[in-house]
Amino acid sequence: MEFNYNVFFEFYKLGEFLAKGTLSCQEVSEFRLSNLDALDVMCVLRSVKGYHFTRVKSIRVISDNEIKAELRSGESLLIEVDIQRVPFKKLKYRYMEDAR
């Protein structure tokens with residue numbers, strides 16, 4: 001059985017709000033924060049102004065709903081994550097970016 005998720009991101013740089021983003025995905029098991037990887041974060045960052053070509057070096061889980069992303073440029077971003085299971089009809093694409 002497959003599960004559908006919308007993952008909502010809020011990016012913060014040095015404590016200042018930077019942008020919001022959304023990743024939609026379909027998984028064969030329960031999706032958790034630990035399932036996220038650098039590619040997922042990089043795909044959402046592509047539509048954030050000034051971060052289109054940014055590469056994510058690594059990510060680390062900080063708490064139940066926060067991860068820290070280290071970028072190849074040396075910057076660090078704090079990311080608040082909200083994972084919501086959704087009905088299939090509301091799921092659009094594997095990597096749907098909607099950041100602003």
Side-chain angles (χ1 to χ4, degrees):
M1 177 179 229
E2 293 183 343
F3 301 97
N4 305 296
Y5 297 93
N6 281 332
V7 184
F8 300 97
F9 295 86
E10 286 189 6
F11 296 94
Y12 294 87
K13 179 180 173 183
L14 301 173
E16 298 280 327
F17 175 76
L18 183 63
K20 289 184 179 184
T22 304
L23 170 71
S24 293
C25 58
Q26 190 172 51
E27 300 291 334
V28 293
S29 62
E30 191 72 26
F31 190 80
R32 295 187 180 95
L33 192 61
S34 59
N35 294 104
L36 288 173
D37 60 20
L39 179 62
D40 295 326
V41 174
M42 192 170 67
C43 286
V44 176
L45 273 174
R46 283 185 179 156
S47 55
V48 174
K49 186 177 180 177
Y51 289 86
H52 183 71
F53 297 107
T54 298
R55 301 279 185 199
V56 177
K57 184 177 179 181
S58 64
I59 64 170
R60 187 178 72 211
V61 175
I62 294 178
S63 69
D64 291 344
N65 68 336
E66 293 180 330
I67 57 176
K68 185 176 184 177
E70 184 181 337
L71 309 181
R72 292 203 186 265
S73 64
E75 288 182 78
S76 290
L77 298 177
L78 178 67
I79 307 166
E80 289 185 6
V81 181
D82 180 21
I83 300 170
Q84 296 180 3
R85 194 166 163 188
V86 295
F88 185 76
K89 290 184 262 182
K90 294 191 178 188
L91 183 70
K92 293 183 180 179
Y93 308 104
R94 170 67 177 116
Y95 287 108
M96 180 189 82
E97 301 110 15
D98 180 26
R100 35 184 164 339

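Given the structure is predicted, the values throughout are model-derived calculations rather than measurements.
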Validation: residues 53-62 side-chain donor-acceptor distances under 3.5 Å, sequence neighbours left out:
{"residue": "Thr54", "atom": "OG1", "partner": "Tyr51", "partner atom": "O", "Å": "3.1"}

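Taking each heavy atom of Glu10 and Lys20 in turn, the nearest pair found is OE2-CE, 3.6 Å. Minimum heavy-atom separation, Leu77 to Lys13: CD2-CB, 3.8 Å.
For the pair Ile79/Tyr12, no side-chain contact is recorded, criterion being any heavy-atom separation below 4.5 Å from C-beta on. The closest side-chain heavy-atom distance from Val44 to Val7 is not below 4.5 Å. With a 4.5 Å cut-off on side-chain heavy atoms, Lys68 and Ser76 count as touching. Side-chain contact check for Phe31 versus Cys25: some heavy-atom pair is nearer than 4.5 Å.
Distance check, rounded to the nearest 0.5 Å: CG of Asn4 to OG of Ser24 gives 9.0 Å. The distance from atom CD of Glu80 to atom CD of Glu66, rounded to the nearest 0.5 Å, is 5.0 Å. Interatomic distance, CG of Leu18 versus CZ of Phe9, reported as 13.5 Å (0.5 Å rounding). Between the CZ atom in Arg72 and the CE atom in Met42 there is a gap of 8.5 Å [rounded to 0.5 Å]. The line from OH of Tyr5 to CZ of Arg85 is 5.0 Å long, rounded to the nearest 0.5 Å.
At a cut-off of 3.5 Å, with distance as the only test, no side-chain donor of Asn6 or Gln84 sits close to an acceptor on the other residue.
Note: the hydrophobic cluster containing Leu78 does not contain Phe8 (ILVMFWY, side chain heavy atoms under 4.5 Å, direct or indirect links).
Counted within 6.0 Å of CD on Glu16, heavy atoms from surrounding residues, nucleotides or ligands total 12 or fewer; the atom is thus considered open.
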From CA spacing to verdict: side-chain contact (heavy atoms from CB on, under 4.5 Å), Ile67, Leu36: CA-CA 9 Å; Ile67 57 176; Leu36 288 173; 4.2 Å; yes
